[in-house]
Amino acid sequence: MAPTSYQPPTRGDKTDTSTHSQSVESNLSHSQTTVAKLLAGKGDAVFAVRPNDTIHSVVNTLSEKRIGAVVVTDQNGTLQGILSERDIVRRMADTPGQTLPQSVEDLMTREVKTCSPDDLLNDVLKTMTEGRFRHMPVVGDGKLRGVITIGDVVHFRLKELEYEALRMKQMIVG
């Protein structure tokens, strides 16, 4: 049964027009969302450690803050690397009972993929998926601006989809 507001096209109707909700621009608007927009809602808190810190102290930080990775910075806040739970677990398998006293610089990933606040979320998600990592530092104007996770991107996108569905429902009803 067709909705009561539906009317079939008649001979004089323009068949090549579409409503705003059906436009390519609106359907792909989420692809234009930037990292800066995600950070504006999430915040820019960054948990950083130093290269000479012990893995034991990092494990405590990860547990206390309920996070999956920390960035490694020097005394000036310049990004030196990143260290994740996965890095620690893999090292524990290689050096059982000897991992916690090791230093961060011995385990950290030095070649860190970063993004900028102006990068599109879709591009960042693709990079993270292809690189098989879940945390990406955000660097703008040479400074660390935040860290985003693949979960942040997915959560943000789900909220956008919920909002879009609500808008469409309101358009149909209203």
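Worth knowing before you read on, the calculation uses all heavy atoms, side chains too, and leaves out hydrogens, waters and symmetry mates.
- Around the CG atom of D44, the shell of radius 6.0 Å holds no more than 12 heavy atoms that belong to other residues, nucleotides or ligands.
- In this structure, V72 is a member of the same hydrophobic cluster as L62, with clusters built from ILVMFWY side-chain heavy atoms closer than 4.5 Å.
- Defined by atom type and a distance below 3.5 Å, a donor-acceptor pair is present between the side-chain atoms of D119 and S116.
- Not one N or O on the side chain of N76 forms a donor-acceptor pair closer than 3.5 Å with the backbone of T78.
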**Message:** If you apply the rule side chain to side chain contact (heavy atoms under 4.5 Å, CB included), what do you find for V124 with V35, and how did you get there?
**Reply:** CA-CA 8 Å; V124 172; V35 169; 3.7 Å; yes

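- Taken from CD1 in I67 to NE2 in H135, the straight-line distance is 7.5 Å, to the nearest 0.5 Å.
- In plain terms, the two heavy atoms of T54 and L100 that are nearest each other are CB-O, 3.7 Å.
- Criterion: ILVMFWY side-chain heavy atoms under 4.5 Å apart, direct or through other members. Under it, F133 and I150 are part of a common hydrophobic cluster.
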**Message:** Between D118 and T34, is the side chain to side chain contact (heavy atoms under 4.5 Å, CB included) condition met? List the steps.
**Reply:** CA-CA 6 Å; D118 297 330; T34 63; 5.5 Å; no

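- Taken from CG in D87 to CD in E85, the straight-line distance is 10.0 Å, to the nearest 0.5 Å.
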**Request:** For the pair T127 and M136, evaluate side chain to side chain contact (heavy atoms under 4.5 Å, CB included) and give the outcome as yes or no after the intermediate values.
**Result:** CA-CA 10 Å; T127 300; M136 185 180 278; 3.7 Å; yes

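- Summarising the geometry of I88 relative to L107, their closest heavy-atom pair is CA-CD2, 4.0 Å, with the distance given to 0.1 Å.
- The CD atom of E111 sits 13.0 Å away from the CD1 atom of I82 when rounded to the nearest 0.5 Å.
- Under the 4.5 Å side-chain heavy-atom criterion for ILVMFWY residues, no single connected hydrophobic cluster contains both F47 and L144.
- Between S103 and D53, every side-chain heavy-atom pair lies at or beyond the 4.5 Å cut-off.
- Between the side chains of S84 and R134, not a single donor N or O lies within less than 3.5 Å of an accepting N or O.
- Taking CZ of R167 as the start and CD of E162 as the end, the distance is 14.0 Å to the nearest 0.5 Å.
- With hydrogens and angles left out, the side-chain atoms of R110 and Q80 include no donor and acceptor closer than 3.5 Å.
- Linking ILVMFWY side-chain heavy atoms closer than 4.5 Å, directly or via other members, places L79 and M108 in two distinct hydrophobic clusters.
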**Asked** Step by step, would you call D152 with K42 a salt bridge (Lys or Arg N to Asp or Glu O under 4.0 Å)?
**Response** CA-CA 8 Å; D152 294 333; K42 174 190 176 184; 2.7 Å; yes

**Asked** Given the rule in the side chain to side chain contact (heavy atoms under 4.5 Å, CB included) test, do T73 and R50 qualify, once you have shown the distances and angles that lead to the verdict?
**Response** CA-CA 6 Å; T73 61; R50 301 278 183 264; 2.9 Å; yes

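- Residue-environment remark: CG (N52) exceeds the threshold of 12 foreign heavy atoms within 6.0 Å.
- V147 and V49 fall into different hydrophobic clusters, where Ile, Leu, Val, Met, Phe, Trp and Tyr are joined by side-chain heavy atoms under 4.5 Å apart, directly or via other members.
- Taking OG1 of T95 as the reference point, atom CZ of R90 lies at 14.0 Å (rounded to 0.5 Å).
- Tested against C115 for a side-chain contact (heavy atoms from CB on, under 4.5 Å), the candidates I148, L120, L121 yield a single pass: I148.
- Put simply, CZ on F156 and CG on L39 are 10.0 Å apart, with the number rounded to the nearest 0.5 Å.
- Under the 3.5 Å distance criterion, with hydrogens and angles disregarded, a donor-acceptor pair is assigned to the side chains of E160 and T33.
- Between N60 and E64 there is a side-chain heavy-atom pair separated by less than 4.5 Å.
- For S63 (side chain) and V59 (main-chain N/O), no donor-acceptor pair under 3.5 Å exists by modelled atom type.
- Scanning both residues, P96 and A93, for their nearest heavy atoms gives CD-O, 3.8 Å.
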